[in-house]
Amino acid sequence: MTRFQAPRGTQDVLPAMQPYWQAVLDAVREVARLHGLQRIDTPIFEDAGVFEKGSGDTTDIVEKEMYVFEDRGGDRLALTPEGTPAIIRAYLEHGMGSWPQPVRLYTTHPMFRYDRPQKGRYRQHTQFDCEVLGSADPLVDAEVITVLWRLYSMLGIRDITVRLGSLDDLEPRRAYVEQLKEYYRPHLSRLSEDSQRRFERNPLRLLDSKDERDLPFKEGAPKLLDHLSPAAREHHEAVRAALTAAGVKFVDDPLLVRGLDYYNRTVFEVVPDDDTRAQGTIGGGGRYDGLVGLLGGPPTPGIGFGTGIERIILEMQKHGVVFEPAPGTEVFIVHRGEGSGPAAIRLAAALRDRGVAAVIGESGRSLKSQLRSANALGARAALIVGEDELARGVALIKPLMGDGEQQAVPMEAAPEAAVRLLRGE
RNA sequence: GCGGGCGUAGCGUAGUGGUUAACGCGUCUGAUUGUGGCUCAGAAGAUCGUGGGUUCGAAUCCCACCGCUCGCCCCA
């Protein structure tokens, strides 16, 4: 009999890791409140078309990483590989276009991508996703970036930089890409295999190559940021000015290209200053003014980001963020002998009615063993109900912190006595 | 999809051709009959990732597969 394992690229979040998750989720909630973001939850799976149309069916995410399946009714469904198209689907489905604009939404949602796992990359991960729909204002771009910035700072993550780029609008970008291809075409045979592929598939990525064979050509290549259309140039400058005003540490990154087709104008990533690996990126996003239209809606501008909670936690650990053990059991109920079980249950219920965390020892274990459990759980007091106590109608209350004496109290008064003891008499 | 590293009790490790695979932590039990932490004693817990090969003999050497992990492509 082979034992089961968690599927490749998935992980169990064990109790010891929960404080990190709790801290991140708390911070997400708080930063969302501060920025006026409203929570939305979309299904784990969607019609596969939402992503094929939305994310773009030539993107890696859709082409090689999406979990697609047919359900018993014959519908083609996909496990959510990224949040934006799903949220836009909901925006359109529920007529959010007639809510006060812009609509500011966020979620934390599991994402699924069939990819080779490695540090910071999993087949199931969780993203904090934020989307603001219905505004083309560059101030909104900056505001969205400050959501990320504030979140990271709340969590003790420092030494990070926002990389800021602009992909211009669709038409001017096409012209630029032609220019770029013209520049590279004569050198094609001397480029790396990766870059030869990029030339066809995603020419913008040519500039992002780290291969030695490609480096000599990068220098003279036309840079997107130097060839922006006037409107995109103005937008980009406005975002920069706003980020400066907000105190966000950022740099222009003329090579920033993102793996999704729908972005235009502002794109950004947040990377740790000491991490150059691709999956060092802890968050990223951009503007997508054409996407709502692609999904069948009226022309509606939008911008958003995703940030991986697992990566945030890795970064927190790198920064030495640690948590006090969460306060657990307050009162441990030790019981022994005939009829003590129901008495213990009754005590536990009475304690919980008073808001006290109570755990009952296991039947049949010695007092010593049960008290050891109490100690292991960090309980601050024990209530002991044995044969003698049952016969006398009392419970023993024993302080486990400090050096108080244990004493007998009437059974009915025991819960209140425990509460008083926890309060410090 | 490509390349590197690693698989020994729940966890961390030792053992690198020779009896019943060792240690620490953790778990459970006990230290005069009903009392935690510290200490002490004992116990349970391992098909040495799986399968094949070499050998008188394999955790140890070889091969394949599986898994984990790190990096590349790409992404959070």
Side-chain angles (χ1 to χ4, degrees), chain A residues 1-11 14 16 24 55 58-66 80-84 108-130 148 192-195 197-198 201-202 205 208-211 257-260 269-271 276-285 304-315 332 334-337 340 361-362 364-390 396-403 405-406:
Chain A
M1 173 79 174
T2 50
R3 286 217 272 173
F4 289 112
Q5 287 183 300
R8 180 151 221 224
T10 67
Q11 49 186 350
L14 299 179
V24 175
S55 311
T58 63
T59 58
D60 277 5
I61 286 183
V62 168
E63 202 170 57
K64 16 187 272 206
E65 297 174 3
M66 196 158 72
T80 307
E82 64 132 347
T84 309
T108 52
H109 198 283
M111 305 294 172
F112 304 86
R113 295 179 198 171
Y114 186 86
D115 199 351
R116 190 86 181 261
Q118 60 184 273
K119 191 180 183 64
R121 180 164 60 219
Y122 311 101
R123 289 186 175 179
Q124 176 180 341
H125 73 278
T126 308
Q127 276 186 36
F128 165 33
D129 212 278
C130 168
L148 269 184
S192 65
E193 300 77 28
D194 271 344
S195 282
R197 255 193 12 242
R198 291 188 183 110
R201 268 180 73 87
N202 196 346
R205 284 232 169 254
D208 200 22
S209 175
K210 289 146 211 143
D211 194 296
V257 178
R258 298 192 42 83
L260 294 161
E269 283 182 355
V270 186
V271 293
T276 55
R277 302 162 314 141
Q279 76 274 23
T281 303
I282 52 181
F305 67 73
T307 179
I309 292 181
E310 291 82 356
R311 286 188 188 176
I312 290 175
I313 290 173
L314 285 173
E315 206 54 29
F332 193 96
V334 176
H335 69 104
R336 202 184 104 119
S340 67
E362 276 198 90
R365 288 229 222 164
S366 68
L367 288 204
K368 183 201 292 262
S369 155
Q370 292 189 55
L371 280 165
R372 274 181 179 157
S373 300
N375 194 62
L377 293 178
R380 294 167 60 204
L383 284 177
I384 302 173
V385 184
E387 297 93 335
D388 297 353
E389 290 74 27
L390 270 178
L396 301 178
I397 179 162
K398 179 184 174 70
L400 295 176
M401 314 295 250
D403 45 29
E405 285 293 304
Q406 84 179 18

Backbone of A:Phe128 reached by a side-chain donor or acceptor of A:Thr108 within 3.5 Å: no

Sugar-phosphate only, base, or nothing, as touched by A:Ile309 at under 4.0 Å among non-hydrogen atoms: nothing

Euclidean distance, A:Leu396 CG relative to A:Glu405 CD, rounded to 0.5 Å: 12.0 Å

Which residue lies more 5' along RNA chain B, comparing A:Ala376 with A:Gly283 via nearest heavy atoms: A:Ala376

Rounded interatomic separation in angstrom, taking CZ from A:Arg121 and C1' from B:C72: 9 Å

Inter-nucleotide P distance (B:A64, B:G4), Å rounded: 12 Å

N/O donor-acceptor pair, side chain A:Arg8 with base B:C68, under 3.5 angstrom: no

B:A76 OP1/OP2 closer than 4.0 Å to side-chain N/O of A:Thr126: no

A:Gln118 side chain near B:C70 phosphate (N/O to OP1/OP2, under 4.0 Å): no

Side chain to side chain contact (heavy atoms under 4.5 Å, CB included) between A:Ile384 and A:Lys398, intermediate numbers included: CA-CA 8 Å; A:Ile384 302 173; A:Lys398 179 184 174 70; 4.2 Å; yes

Any A:Arg116 side-chain N or O less than 4.0 Å from OP1/OP2 of B:C74: no

Residue mapping more 5' on RNA chain B - nearest nucleotide basis, A:Ala6 or A:Ser369: A:Ser369

Rounded distance in Å - CZ (A:Arg336) to C1' (B:G34): 5 Å

Close side-chain approach of A:Met66 and A:Ile61, heavy atoms under 4.5 Å: no

Atom pair distance, as rounded to whole Å: OH in A:Tyr122 and P in B:C74: 20 Å

Rounded distance in Å between the C1' positions of B:G51 and B:A58: 15 Å

Rounded distance in Å between the C1' positions of B:C23 and B:U8: 13 Å

Under 3.5 Å: donor-acceptor pair, side chain of A:Arg336, backbone of A:Val385: no

Distance, rounded to the nearest Å, where A:Glu387 contributes CD and B:U35 contributes P: 12 Å

Stepwise side chain to side chain contact (heavy atoms under 4.5 Å, CB included) test for A:Tyr114 and A:Arg123: CA-CA 5 Å; A:Tyr114 186 86; A:Arg123 289 186 175 179; 3.2 Å; yes

Value in whole Å for how far the C1' atom of B:U69 lies from CD of A:Gln11: 13 Å

Sugar-phosphate, base or nothing in reach of A:Ile384, heavy atoms under 4.0 Å: base

C1' atoms of B:A59 and B:G17, separation to the nearest Å: 11 Å

From B:C74, B:U39, B:G34, nucleotide with atom closest to A:Arg372 side chain: B:U39

Rounded distance in Å between the P positions of B:G57 and B:G15: 26 Å

Distance in angstrom units between A:Leu367 CG and B:G36 C1', rounded: 11 Å

Exam field: side chain A:Glu310 to backbone A:Thr126, donor-acceptor pair closer than 3.5 Å: yes

Side chain of A:Arg311 - closest among B:U35, B:A76, B:C74: B:A76

Base of B:G34 paired with side chain of A:Glu389 (donor-acceptor, under 3.5 Å): yes

Nearest-angstrom distance, P atom, B:C48 to B:G42: 27 Å

Derivation of the side chain to side chain contact (heavy atoms under 4.5 Å, CB included) call for A:Arg121 and A:Arg311: CA-CA 8 Å; A:Arg121 180 164 60 219; A:Arg311 286 188 188 176; 4.2 Å; yes

Touch class at under 4.0 angstrom, heavy-atom based, for A:Gln5 against every strand present: sugar-phosphate

Same-atom distance (P) from B:C6 to B:A14, integer angstrom: 13 Å

Distance, nearest 0.5 Å, that separates CZ of A:Phe112 from OG1 of A:Thr80: 7.0 Å

Criterion side chain to side chain donor-acceptor pair (under 3.5 Å) against A:Ser340, the qualifying member of A:Glu387, A:His335, A:Glu389: A:His335

Protein-nucleotide distance (A:Leu400, atom CG; B:U35, atom P), rounded to Å: 15 Å

Polar pair under 3.5 Å, donor/acceptor by atom type, side chain A:Gln370, base B:U35: no

Whole-Å C1' distance, B:U47 and B:A9: 13 Å

Under-3.5 Å donor-acceptor pair between A:Arg365 side chain and B:G30 base: no

Intra- and inter-strand pairs of RNA chain B in dot-bracket (Watson-Crick or G-U wobble, both distances under 3.5 Å; | for another strand): ((((((((.[[[[.)..(...]]]].(((((.......))))).....[[[[[..)....]]]]])))))))....

Nucleotide B:G4, atom P - distance to NZ of A:Lys119 in whole Å: 22 Å

Touch class at under 4.0 angstrom, heavy-atom based, for A:Gly120 against every strand present: base

